[in-house]
Structures are given as C-alpha cells and as structure tokens.
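Below: one structure, written as structure tokens.
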4 protein chains.
Amino acid sequence: MSSVPPQDAAPAPVRTPGKRNAAATRQRILDVAMAEFSAHGFSGSRIERIAAGASANVGMIYHYFGNKDDLYLAALEASYKIIRDREQTLDIAHCDPRQALRALIELTFDFLATDPHFVRLIMNENLMMGRTAGRSATIPHMTRPLLEQLRTLLARGQKEKIFHREMDAENLYISILGLCFVHVSNRYTLGSMFQHDFAEPDWLARRKAIVVDVVTRSIVATPAK
Amino acid sequence: MSSVPPQDAAPAPVRTPGKRNAAATRQRILDVAMAEFSAHGFSGSRIERIAAGASANVGMIYHYFGNKDDLYLAALEASYKIIRDREQTLDIAHCDPRQALRALIELTFDFLATDPHFVRLIMNENLMMGRTAGRSATIPHMTRPLLEQLRTLLARGQKEKIFHREMDAENLYISILGLCFVHVSNRYTLGSMFQHDFAEPDWLARRKAIVVDVVTRSIVATPAK
Amino acid sequence: MSSVPPQDAAPAPVRTPGKRNAAATRQRILDVAMAEFSAHGFSGSRIERIAAGASANVGMIYHYFGNKDDLYLAALEASYKIIRDREQTLDIAHCDPRQALRALIELTFDFLATDPHFVRLIMNENLMMGRTAGRSATIPHMTRPLLEQLRTLLARGQKEKIFHREMDAENLYISILGLCFVHVSNRYTLGSMFQHDFAEPDWLARRKAIVVDVVTRSIVATPAK
Amino acid sequence: MSSVPPQDAAPAPVRTPGKRNAAATRQRILDVAMAEFSAHGFSGSRIERIAAGASANVGMIYHYFGNKDDLYLAALEASYKIIRDREQTLDIAHCDPRQALRALIELTFDFLATDPHFVRLIMNENLMMGRTAGRSATIPHMTRPLLEQLRTLLARGQKEKIFHREMDAENLYISILGLCFVHVSNRYTLGSMFQHDFAEPDWLARRKAIVVDVVTRSIVATPAK
DNA sequence: GATGAATGAGCTTTCATTCAT
DNA sequence: TATGAATGAAAGCTCATTCAT
C-alpha cells in the first residue's frame with residue numbers, strides 16, 4: 001500500500017488500478033476466480049462475489065470470459081500452469097537420481113501444502129468428473145514435460161542400478177501424488193479423526209521427510225538407504 | 001394424530017395411504033441423498049431430485065431430516081459408518097502382523113475403489129472445510145476402533161522385530177489412505193494425464209499389489225521382502 | 001367484491017381465490033399471460049408482471065408452464081381455441097349460402113374488432129416467423145372444422161348457381177381475413193394516416209357493411225346484389 | 001477536435017483512421033437497423049447486433065442517433081419513405097381510371113410481398129400502439145400525396161360513370177391494404193393452416209390477379225368486368 | 001404420514017447506456 | 001470520428017423452505 005517504488009518519474013502510462021485497463025481487469029477477475037472456485041467449488045461460487053472481489057462488475061466477467069463455465073475453465077488452466085511451470089525449474093537430468101527424486105517429491109509436497117488452492121480446484125474438478133479438464137486444449141499439453149522428467153529420472157536411476165526395474169513413471173507419480181496430496185485434500189476429515197491441524201508447519205516438515213522416505217524405499221534397489 | 005387404528009393386532013402389513021412405512025421412507029430418502037450428495041456435492045444437490053429419486057416428496061425430507069444441512073449430515077454419518085463397520089470385520093489381533101497389514105490395506109483399497117461414493121463425500125466435506133463433520137457427534141466416536149487396530153498392529157509388529165520403530169499409527173494410516181485414495185479421488189484428472197481409465201479392474205489389481213508393496217517396504221525392519 | 005351469493009351454506013369446498021387452488025391459479029396465470037403477450041409481444045412481456053397480475057408468484061409460472069416459451073405457447077393455443085370454437089357456433093349447412101357467408105364474415109369481423117387480443121397475438125407470432133405455432137400440436141387440429149365449413153359453404157353456393165366457380169376456400173378465407181384484420185392490426189398507423197380512431201363503433205359498423213359487400217360481390221355469380 | 005488535416009485539397013478520399021466516412025457509417029447503421037427492427041421487433045432488437053452488422057460500434061449508434069428509441073424512429077421513417085416514394089412514380093392522373101386502379105393495387109401488392117421488411121416494421125409499430133409513429137413529424141406529411149392520388153382516381157372514375165359513388169378514398173385504401181397485406185403479415189400462421197408457403201411466386205401471382213379482381217368488382221358501377 | 005401448492009430470496013445472464021482514450 | 005471498457009438495472013429462472021389440506 002504505502003510502499004511505493006522510490007523514484008518513478010518515468011513517463012510510462014501508469015494506469016490507475018481498475019480503471020480502463022483491459023488486461024489488468026481480466027487478470028484481477030481471473031485471480032479472484034481461482035480463489036473463489038477453490039474456496040466454494042463450482043456450484044458454490046458466486047459470480048457476483050468474484051466481480052466484487054476483483055473491483056469489477058458482473059458484466060465484465062461475461063465480457064471477458066463468456067460465462068461461468070468458461071471462467072472456471074480459465075481458472076483451472078491457470079492453476080495447472082503454475083505447478084507445471086514450477087516443476088520445470090527442476091534440473092532432473094544433471095544431478096544424482098536419488099537427489100533428483102527427493103527434489104521432485106519435496107517440490108510437489110511443498111507446492112500442494114503451501115498453496116491449497118490447487119488441491120481444492122483439482123478435487124472439485126474430479127467431483128465434476130473431469131467435465132472441464134476434458135474440454136481443455138492446454139491442460140494435456142502441459143503435462144508432457146512432467147512425464148518426460150519422470151521417465152528420464154527412472155531411466156537414469158535404473159541404468160545406474162540405483163533403482164530397481166519394477167517401477168514405471170505412472171505408478172511412481174501416483175504414489176508421490178497420493179502421499180503429497182492426501183493430508184491437504186483430507187485436511188479436515190483427518191483433523192477430526194486425529195484431533196490436530198494437518199496444516200501445521202511442524203507436522204508438515206516431519207511428514208515430508210516420511211514421504212521422501214516411503215517413496216525412496218519403494219524404488220531403490222539397494223536396501224541401504 | 002388422534003385417529004389411531006382400532007385394533008393393531010393385524011398380522012399382515014396393511015398399508016393405509018395416510019400411514020405408509022415411515023422407517024422405509026426415511027431410509028429410501030437417506031440412500032438417495034448419499035448418492036445425490038456424492039454425485040453433485042452439497043451445493044449442486046437438489047432436494048427435489050432426492051425426493052423424486054426416493055419416490056417421496058419434498059415435505060417428507062423436511063419432516064424426517066429438518067433441512068438440507070441436516071440431511072447432508074445424516075448422509076455423511078451413514079457413509080462413515082459403512083467403512084468403519086467394514087474395518088471392524090478384520091481380525092487384526094490374531095494373525096501375522098504382515099498379513100494383517102496386507103489385509104487392512106487391501107480392504108481399504110477395495111472399499112474405496114469399489115464404491116466411489118464414500119471418496120466423493122469425503123472430498124466434498126473437505127472442500128467445505130469440514131463444516132459438517134465438525135458438527136457430528138458420532139463420526140469421531142466411530143474412528144476410535146480403527147486407531148486401536150492400527151496401534152495393536154504396529155505394537156505387535158514392532159515387538160516381533162518385523163516392523164521398525166519409527167512409524168506411528170497416524171503416519172501409517174495416512175500413507176495407506178493416500179495410496180488407496182488418490183486414483184479414486186483424482187480419477188478424471190489423472191485419466192486425462194495418462195490417457196486411460198483409472199477405474200479399470202486390471203489396472204486396479206496391479207496397483208493394489210504395488211500399494212501393498214510400497215506400504216510394507218516403508219515399515220518392515222528386515223530388508224528381505 | 002361486496003356482492004356475495006345470497007344464501008350459500010352449501011358444504012361444497014369453497015376455495016378462497018388464489019389460495020391453494022391449482023386449477024384456478026393456472027387459469028389465472030394463463031388469462032393474464034394472454035393479455036400480457038398480446039400487449040407487449042413475446043420479448044416485451046415480463047414474467048414478473050404476469051405473476052403479479054395473476055396474484056401468483058414467478059415460481060408458480062415455472063411450476064405450471066415450464067418456461068416463458070411454453071407459457072406463450074399455451075396462451076397462443078388458448079387464444080386460437082376461442083375463435084375456432086366461436087366459428088363452430090355457426091350453422092353453415094342449413095341456411096341460405098349468401099346468408100351463411102354474411103354471418104361468417106360478420107362473426108369474424110366482430111370477433112377481431114371486439115377483442116383485439118387475438119389479432120395482436122397472431123401478429124406477434126408471425127413476427128416471430130411462426131416459431132411457436134409450428135410447435136403446437138393442437139393448432140393445426142383446430143383449423144380443420146373451419147376449412148370444412150368454408151368448403152361446404154362454397155359447394156352449396158356453387159351448386160345452387162349463386163356463387164361462380166372461380167373461388168376456392170383458401171382465397172375466400174384470406175380475403176375475409178384481410179378485410180376483417182387490417183383495421184385492427186394496423187389501427188395505429190392507419191389512425192395517424194387518416195387522423196381518426198379505427199376502433200370507433202360507428203366507423204366499425206359502416207366498415208363491416210362494406211366488407212360484407214366487397215366479399216359478396218367478389219363471389220356472387222349474378223350481378224344483382 | 002482541434003487537429004484539422006493541414007491542407008484539405010487532396011483529391012483522393014484519404015481515410016484517416018480517426019475520421020472515416022461519417023455519412024456512410026450513419027447510413028450503414030440505418031440500413032442494418034431497419035433489418036434488425038424488422039426481424040426482431042423493438043424489444044427483441046439488439047443495439048450490439050446492429051453495431052456489429054454495420055461494422056461499427058455501439059458508441060457510434062449513440063453518437064448518430066441518440067438512443068434505441070430514436071434509432072427505431074429513424075428506421076421507421078426511412079421505411080415509410082421508400083413506399084411513399086414508390087407510389088409517387090405512378091401517373092394516376094393521365095390514364096384510364098380502371099388501369100390506374102389496377103396499377104396502384106399491383107404496385108402495393110408487389111411492394112409488400114417483395115420486401116417484407118416494411119410489413120414487419122408496420123406490424124411491430126402497431127403492436128407498440130403507434131408509440132413511435134405518433135412522435136414522427138415526417139410520416140403524416142408523407143401520406144398526403146397518396147391520399148391525393150386516391151381522391152383524384154375516384155373522382156375521375158365516378159365522373160366517367162365507371163365507378164359507383166358509394167366508395168371513398170379511405171375505404172378503398174383500407175380494402176387494398178388489407179388484401180395486399182394479410183398474406184405477408186400472416187404468412188406463417190396462414191402457412192400452418194393451409195400447409196404451404198405463402199411467399200411462393202406462383203401463389204403470389206395468382207393471388208395478385210384475385211386481389212385486383214376483388215377490389216375492382218367492389219367499385220365498378222357497370223357489372224361487365 | 002403424505003401431498004403438492006405457494007413463497008421469496010438469490011442465482012446467472014443480458015443489455016441499454018456512458019465515458020475515458 | 002471511432003473504440004471498447006465499464007456500469008447498473010433488470011431479466012429469466014432456480015431452489016430451499018413453508019404450509020394448507
């Protein structure tokens with residue numbers, strides 16, 4: 001708010017936020033929509049709340065996104081893009097396979113735990129039986145690099161006899177996902193079972209080590225950890 | 001109210017139009033409600049659709065369950081009861097810990113995969129931040145026996161030096177749940193990633209073996225599988 | 001309002017108007033809808049105004065009629081029924097063909113002029129290119145008796161050498177309709193052309209005689225009127 | 001505003017982006033508006049659709065015409081002007097009255113049948129109870145020459161004893177209009193009554209002869225046609 | 001117990017209109 | 001002159017809930 005960049009006498013066209021700035025308005029709507037759909041699911045989300053949250057009005061949402069369904073699609077795609085981009089920051093090909101695996105698990109664990117928006121959107125999308133993801137042209141396209149990383153990782157580890165042969169990329173990924181996802185997706189029902197908050201940083205730190213351990217044990221050929 | 005049937009010693013279940021089978025109607029509504037909430041989530045579910053599906057009418061739902069929120073609570077509790085009862089059919093205490101662990105994993109895996117209603121209800125409840133589970137008096141009560149089973153299992157395995165010491169009941173359960181839950185909860189988004197149906201029996205059978213293996217490796221003290 | 005039927009101690013279930021009376025509510029809605037669609041056309045009509053006019057509420061309209069389109073269809077069909085029923089009160093077969101023709105023209109002229117609702121609905125329907133009449137199952141069915149009347153009339157008149165041969169039922173009907181319809185359908189634009197009101201009873205009376213004369217001259221074989 | 005092109009002696013029509021052809025844009029909007037109001041009525045017409053159809057934008061419509069009401073008025077007046085101008089091409093005063101009558105009927109018949117836009121606009125205007133025609137200064141002014149033609153025609157025919165005395169210009173015009181208008185205005189409802197298309201050229205040609213005959217018989221004094 | 005008519009608030013969506021650029 | 005972002009009111013429609021019968 002009060003922290004303005006020190007000297008900024010640049011003649012660049014400074015737009016007042018929310019006034020006559022198409023790209024900015026569109027982005028504000030999209031950001032708020034991601035949060036709204038994540039918080040309330042598709043049916044529970046309210047167009048009017050999104051408009052208000054974006055300091056826009058309902059008509060703008062329809063102007064930029066067409067309808068509620070398409071706004072939801074845009075929010076889903078934008079969410080996928082964030083995690084898929086993050087994964088591509090890992091340099092899988094050039095470090096020790098065991099280290100690379102650990103790095104991938106920790107990145108996934110931290111991403112899902114730190115920003116639960118993504119988990120919630122994915123849950124909601126699955127509850128709707130993939131209705132929207134199935135319509136997306138960009139989502140399948142975004143998953144390819146991740147699969148490449150996994151296959152490279154497994155191939156190198158198996159070539160170096162560090163990993164055993166009986167694990168494929170799909171099963172490895174699903175194990176990682178399941179172990180990184182469930183305490184976020186089931187945070188509240190687990191919480192009422194075990195009577196503590198599964199978003200606590202201390203618990204997450206300990207759990208992250210266990211997840212790395214469980215996955216690593218499941219794949220390493222040599223028993224010595 | 002005041003019009004009671006004169007002599008109720010009639011042996012055959014005579015249905016007078018004004019007094020049909022109350023318990024049966026209630027149960028029909030509950031069954032349909034479980035399916036409806038599972039299929040559409042809370043917001044997406046329709047009271048009228050539930051009434052129609054149960055061959056009842058809207059008024060009956062309010063008569064028996066009060067309102068939509070309380071109907072949802074009843075459906076959630078009924079769902080939990082089914083899996084918790086199923087788990088109690090296992091005789092954890094009297095067989096080999098490794099076998100007992102395998103049996104628990106397989107029961108969980110099969111239950112979640114066979115009837116996705118439960119998974120969907122849990123997902124929905126978590127999306128609503130446990131709003132309803134938190135109000136339930138019976139759900140926490142139902143989880144105790146399960147935790148007892150897990151602690152017994154771990155204690156026996158550790159005493160017999162089959163399991164190592166660094167695993168507690170909570171972490172073990174969450175690993176099992178995560179690995180049995182994710183391909184059901186994320187069936188559609190995983191499906192569009194890997195381009196096949198994650199409810200296929202063949203895939204499930206192979207995956208079940210892998211899950212048993214992953215969990216077992218994570219806990220056994222002796223490397224020999 | 002204050003005029004109650006004198007003695008009415010009958011135990012018949014007297015319904016208070018507008019309260020818990022399905023058939024009456026449905027009819028009230030339909031009556032108001034006919035007036036509304038006639039007054040404002042389809043697009044210009046307001047569901048809420050119809051509800052208010054019928055002392056009902058919007059939900060009831062959707063309960064009984066489904067949506068605006070289907071309510072409009074019901075109103076259109078009900079309107080057609082009125083004129084088609086009226087026409088069937090004529091006894092074409094048993095009186096002098098010339099008298100029968102005059103009676104049919106006068107009935108048509110009076111019906112269209114007296115209650116302009118029908119004319120306006122027909123106009124609106126044609127502006128929508130028969131979108132709704134084309135969907136109706138009952139409207140085509142209702143026109144058959146009218147065509148029968150016209151054919152009977154012509155056949156008798158031609159057999160008796162009163163009418164000449166070169167006129168068919170279709171052309172006769174369209175002439176009658178055009179001459180009875182236009183001063184109602186174009187009441188306002190004609191009014192501003194000729195600077196008087198075309199709904200004035202005196203003008204209508206004189207015009208009716210002219211229409212009978214024009215149609216009769218167009219069909220009689222013998223020039224003597 | 002203040003930025004005028006430096007020297008405007010340029011011979012070629014150079015289009016600067018900020019100053020395109022104003023009159024042409026206005027005319028394009030008006031043409032599209034006539035079609036839109038004719039096709040959808042006033043309420044059903046969309047400002048945005050008109051703008052798109054005219055390759056203009058919404059702002060231009062407000063710039064040139066003020067608002068939707070005034071645009072509709074302009075479209076109505078432009079439509080009236082077309083038929084009134086066409087009628088004035090007839091040389092009523094100098095040919096045989098019977099031939100002149102026939103020419104007027106055929107011109108009216110053809111004009112209404114060939115371009116149904118006019119009929120539809122008139123219908124719509126009457127459905128709105130002449131709300132807009134009543135505001136127009138030019139429409140009443142445009143009808144005067146037509147009435148003059150009709151009075152001249154009748155006077156000459158009656159003077160020459162070809163027409164009988166009991167027909168005035170108003171009734172004659174309304175008969176002509178009704179018989180030329182109804183198969184266009186009621187094209188669709190008549191179509192569903194008689195199961196054929198009333199815009200078919202063959203049918204129109206036959207009908208036109210009948211209309212000329214009906215009107216002529218209604219006015220000629222001597223029975224021999 | 002059972003029915004379904006009735007209610008009212010709230011939802012998504014549309015649209016004429018304004019205005020900064 | 002021309003553009004299109006922005007606004008606000010209102011439209012059609014849905015739905016949880018109540019209540020007379």
Side-chain angles (χ1 to χ4, degrees), chain A residues 13 15-16 18-26 43-49 51 55-64 66-69 71, chain B residues 1 3 15-22 25-26 43 45-51 55-64 66-69 71, chain C residues 13 15-16 18-26 43-51 55-64 66-69 71, chain D residues 1 3 15-22 25-26 43 45-49 51 55-64 66-69 71:
Chain A
R15 304 263 175 156
T16 64
K19 283 284 160 192
R20 305 272 152 190
N21 189 338
T25 301
R26 205 195 115 99
S43 301
S45 287
R46 297 292 167 253
I47 292 284
E48 192 139 10
R49 210 155 42 197
S55 305
N57 62 64
V58 169
M60 283 291 93
I61 292 178
Y62 285 86
H63 182 66
Y64 287 119
N67 57 25
K68 193 182 182 182
D69 263 76
L71 176 59
Chain B
M1 285 293 177
S3 68
R15 295 279 162 83
T16 63
K19 186 179 184 174
R20 295 221 330 248
N21 194 330
T25 300
R26 202 195 118 99
S43 301
S45 288
R46 298 289 167 256
I47 291 284
E48 194 138 14
R49 207 154 46 197
I50 294 170
S55 303
N57 60 61
V58 170
M60 285 293 93
I61 291 178
Y62 285 85
H63 181 69
Y64 285 120
N67 59 23
K68 192 183 183 182
D69 266 75
L71 175 60
Chain C
R15 304 264 174 154
T16 63
K19 284 284 160 193
R20 307 272 153 189
N21 189 337
T25 300
R26 206 195 114 99
S43 301
S45 288
R46 298 289 168 254
I47 291 285
E48 192 138 10
R49 209 154 47 197
I50 295 172
S55 305
N57 61 60
V58 170
M60 283 291 93
I61 292 179
Y62 287 87
H63 183 65
Y64 286 119
N67 56 27
K68 192 182 181 182
D69 264 77
L71 175 61
Chain D
M1 288 293 177
S3 69
R15 294 281 161 82
T16 63
K19 186 177 183 174
R20 295 215 334 245
N21 196 331
T25 300
R26 204 196 116 99
S43 300
S45 288
R46 299 288 166 255
I47 292 283
E48 195 139 10
R49 209 155 45 197
S55 304
N57 61 62
V58 169
M60 285 294 91
I61 291 178
Y62 285 86
H63 181 70
Y64 284 120
N67 58 24
K68 193 182 182 182
D69 266 75
L71 175 60

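Everything numeric here is computed off the predicted structure, so don't read it as measured data. The figures here come from the full heavy-atom set of this structure, side chains too, leaving out hydrogens, waters and symmetry mates. Lettering follows sequence order; numbering is per chain, from 1.
For D:Tyr62 and E:dC19, the shortest distance from a side-chain N or O to OP1 or OP2 is not below 4.0 Å. Of the side-chain N and O atoms in D:Asn57, none sit less than 4.0 angstrom from OP1 or OP2 of F:dA2. Contact annotation: D:His63 side-chain N/O to F:dT1 OP1/OP2 distance is under 4.0 Å. Residue D:Thr25 has no polar side-chain atom (N or O) positioned under 4.0 Å from OP1 or OP2 of F:dT1. Residue A:Arg46 places at least one side-chain N or O closer than 4.0 Å to OP1 or OP2 of E:dT12.
Minimum atom distance to the side chain of C:Ile47 is reached by F:dG12, of the listed E:dT18, F:dG12, F:dA16. When each of F:dT17, E:dT17, E:dA2 is scored by its nearest atom to the side-chain atoms of B:Asn67, the top-ranked nucleotide is F:dT17.
Residues C:Gly66 and A:Tyr64 both approach DNA chain F. Their nearest nucleotides, taken by heavy-atom distance, put A:Tyr64 toward the 5′ side. Looking at which nucleotide of DNA chain E each of A:Ser43 and A:Gly59 is closest to, the 5′-most match is held by A:Ser43. Residue whose closest nucleotide on DNA chain E sits further toward the 5' end, between A:Ser45 and C:Val58: C:Val58.
When the P atom of E:dA6 is taken as reference, atom CG of C:Asn21 falls 7 Å away, rounded to whole Å. Rounded to an integer number of Å, the gap from D:Asp69 CG to E:dC15 C1' is 14 Å. Atoms CE (B:Met60) and P (E:dG4) sit 11 Å apart, rounded to a whole Å. In this entry the distance linking CD of B:Glu48 with P of F:dC13 reads 17 Å, nearest Å. The CD1-C1' distance, from D:Ile61 to E:dC15, rounds to 13 Å in whole Å.
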Before giving the answer on side chain to side chain contact (heavy atoms under 4.5 Å, CB included), spell out for A:Leu71 and A:Lys68 the whole-Å C-alpha distance, their side-chain angles and the decisive distance to 0.1 Å. CA-CA 5 Å; A:Leu71 176 59; A:Lys68 193 182 182 182; 5.6 Å; no

